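Protein chains get the first letters and strands the later ones, always in sequence-line order, with residue 1 at the start of each. Values below: all heavy atoms of this structure, side chains included; hydrogens, waters and symmetry mates excluded. Given the structure is predicted, the values throughout are model-derived calculations rather than measurements.
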2 protein chains.
Amino acid sequence: MVTLKQLAKELNVSISTVSKALNNSEEIGQETVKRVKELAELYNYKPNKVALSLKQNKTNTIGVIIPDILNHFLAKALFGIEREANLHGYNIITCISNESLVKEKESLQLLASGSVDGFILCVSEETQIKNEVEHFKKTMSQGHPIVMFDRVAHDVLCDKVIVDDYDSTYRATKSLLDEGRNKIAFISNIDELSVGKLRERGYRQAILESLGQELLSLKIRKGEDSHQKIKSFFKDNQDIDGVIAADSTSGVIAINMAVHFKRKVPKHISVIGFSSKSVSIHSVPPLTAIRQHAKKIGAKAAQLLIKRLQTPATEELQFTTKIIKTTVVKTKSTLKAL
Amino acid sequence: MVTLKQLAKELNVSISTVSKALNNSEEIGQETVKRVKELAELYNYKPNKVALSLKQNKTNTIGVIIPDILNHFLAKALFGIEREANLHGYNIITCISNESLVKEKESLQLLASGSVDGFILCVSEETQIKNEVEHFKKTMSQGHPIVMFDRVAHDVLCDKVIVDDYDSTYRATKSLLDEGRNKIAFISNIDELSVGKLRERGYRQAILESLGQELLSLKIRKGEDSHQKIKSFFKDNQDIDGVIAADSTSGVIAINMAVHFKRKVPKHISVIGFSSKSVSIHSVPPLTAIRQHAKKIGAKAAQLLIKRLQTPATEELQFTTKIIKTTVVKTKSTLKAL
DNA sequence: GTGAAAGCGCTAACAC
DNA sequence: GTGTTAGCGCTTTCAC
């Protein structure tokens, strides 16, 4: 890589002259500016990012810590973050916590020592279960703002972007009830997560509000065989006529399993699940999907962080919690639109 | 963040003494070392990464450029890269090219100005179609090694990690022939990609080698409705008794669509597709899957890059191309194991 | 055993 | 209009 020093030497001027010329300083003569720029162009000079970071005490890099990159929702959120960050001249360093508190702490620690200006993260499962938040607070107190999305730590004061999980399943359940469904089941493989609990609560509330309805939940834990569990579930409860799935895998499998048992979807049974387009088409018929707008969530999180990074420390900036509303895309796995 | 300067001041010693003490230099007295370390511990001192990078002229960061983070295979490869990189003390900066040549070039350009030590990338679709490679060569000539994986530019001399695409579909097709299948179709939504073409070629070869067999391909382009296309395809070719899918979505939908048409899987029709575990279970029965070992591919790519980064420029290091063999996981969508 | 000084690449206040 | 200097945080050579 060419440096200012080399350009300066070749042009027989000082380093600062070159620097100023390239930064369009008024101080430098037109002729000199031209010569400098031409040579810089020729050598394809680009200022060294590391030197700039050191000098300006900011890296223009955002640390992103997510629990699981294979989760389609999180991958999509990451996509949204990356795009929004890029738009504002930021790069992202991605760390995957693997749902582990220790890894989350380490990543935070490691990146906080100069590599990034701030963080966007989704709290790991272990962190949620143990309810640890000290590492977040410490990072923030060291001057690195954090924006949390989807799974957030309510005890930490920071910007947050979340989904209306409770409302989504409440409304979805209501809509199945409106279809005249009598035995609506809830299937989830994310029971341990805060969002999973909220989604179940929405379902429960809707069921409890309806006369003659009863709760019926299937929880699938990590490592368990979704196929087998859903199969048994359908066998044990042959009269299920509606399913609310807290995740996309369970929803898709539920449809295919119902068909496997010679039940018509949506004639005999309706299925709604949280899912993105690309996954919801894995079943026939495709899954009526609750869309979380993951990309938008990621983008919003990035916006909040960047705004905070670019606000002078002197100004007060209130912490906000942005709720991104889900929308339902009806396909042929349900009778009615919401 | 605490700096050496601040520690030095508080301890009434020089900056260099503190630095040496923390780096366990022999020169410093035991007593001093102890005092320094205690204070550093107290203040949770961590050397500033940016300063280290500038000084040592390396960032311990790898630039990863992938075309699409929502592609499960690529996300998984990224996961492998991240883990392997972390193991060796590297962070990763992720850029998403969105299958665009321009974005790929920009990312390369941007990160090459000091942000990363080298690159791991999967060539974008547009780049493959236009067969552009200059930006890769230029980046390498500037001292940033590149490792390509999955989709590679054959005209560029660099380390590569690829899949035995041709062999995989050749063998998969052969195994369906061995089952006694007579009309085996090939379905692909990645026809434009180098790997897509190789996969089709493997299928063609196997079919052509068998007497009385004919080729039957369905290509699904971006933006087209997979459900609709596969549905029509089955309608138009009611006697299909085998499917080789070049991607996981098509394989899963094919199974579900076959069942939809009252055809038994695998009694009447066998389906094999490239897929990972989490997606192959989206159908009932689950898809017999050609596993690409994405994580391993990512990890291997990271290993190759890190090895190169840590080899002194004086030593010659041959460029290698590593082929990661696929394996087949048989489930109930086929009769025989491969 | 400790400290001063140089230098990584860059910017900017200040001289001339 | 151009150059000198200091400094961002760190390591390391060389003096003392």
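- C:dC10 atom P lies 11 Å from atom CG of B:Asn57, rounded to whole Å.
- At whole-Å resolution of the value, CG in A:Leu22 and P in C:dA12 are 13 Å apart.
- Between A:Glu41 and A:Lys37, none of the side-chain N atoms (NZ, or NE/NH1/NH2) sits under 4.0 Å from a carboxylate O, so this pair counts as no salt bridge.
- A salt bridge links A:Glu38 with A:Lys34; the closest basic N to acidic carboxylate O contact falls under 4.0 Å.
- Of the side-chain N and O atoms in A:Asn48, none sit less than 4.0 angstrom from OP1 or OP2 of C:dC8.
- In this structure, CG of B:Leu54 is placed 18 Å from P of C:dA6, rounded to the nearest angstrom.
- The phosphate of C:dC10 (OP1 or OP2) has no side-chain N or O of A:Lys20 nearer than 4.0 angstrom.
- Rounding to whole angstrom units, CD of residue B:Gln30 and P of C:dT2 are separated by 11 Å.
- There is a side-chain donor-acceptor pair under 3.5 Å between B:Glu104 and B:Thr127.
- Which of C:dT11, C:dG3, C:dG1 sits closest to the side chain of A:Leu52 comes down to C:dT11.
- Atom P of nucleotide C:dT11 and atom NZ of A:Lys58 are separated by 12 Å, given to the nearest angstrom.
- Salt-bridge check for A:Arg35 with A:Glu31: failed, with every basic side-chain N at 4.0 Å or more from each acidic carboxylate O.
- B:Ser53 comes within 4.0 angstrom of no nucleic acid atom, judged by non-hydrogen atoms across all strands.
- Between the side chain of A:Ser19 and the backbone N or O of A:Ile15 there is no donor-acceptor pair closer than 3.5 Å.
- For C:dT2, one of the phosphate oxygens OP1 or OP2 lies less than 4.0 angstrom from a side-chain nitrogen or oxygen of B:Thr32.
- When the C1' atom of C:dG3 is taken as reference, atom CD1 of B:Ile15 falls 11 Å away, rounded to whole Å.
- Taking a cutoff of 4.0 Å between a charged side-chain nitrogen and a carboxylate oxygen, B:Glu82 and A:Lys103 qualify as a salt bridge.
- Using a 4.0 Å cut-off between charged nitrogen and carboxylate oxygen, A:Lys20 and A:Glu26 do not count as a salt-bridge pair.
- Contact check, A:Tyr45 against C:dG9: no side-chain N or O comes under 4.0 Å of OP1 or OP2.
- With the nearest nucleotide of DNA chain C identified for both A:Lys5 and A:Glu27, A:Lys5 has the one nearer the 5' end.
- Distances shorter than 4.0 Å separate some side-chain N or O of B:Ser14 from OP1 or OP2 on C:dG3.
- First and last contacts of DNA chain D with chain A, using any nucleotide atom under 4.0 Å from a protein heavy atom and ordered 5' to 3', fall at D:dG1 to D:dG9.
- Side-chain atoms of B:Lys55 lie closest to C:dC8 of the nucleotides C:dG9, C:dC8, C:dA13.
- If you take CD of A:Glu26 and P of C:dA12, they are 14 Å apart, rounded to a whole angstrom.
- A cation-pi geometry, defined here as NZ or CZ lying under 6.0 Å from the six-membered ring centre and within 45° of its normal, does not hold between A:Arg151 and A:Phe149.
- The residue A:Val13 sits close only to the backbone: its heavy atoms come under 4.0 Å of sugar-phosphate atoms, none of a base.
- Contact check, A:Ser19 against C:dT11: a side-chain N or O comes under 4.0 Å of OP1 or OP2.
- Taking 4.0 angstrom as the limit, B:Ser16 places none of its side-chain polar atoms (N or O) nearer than this to OP1 or OP2 of C:dG3.
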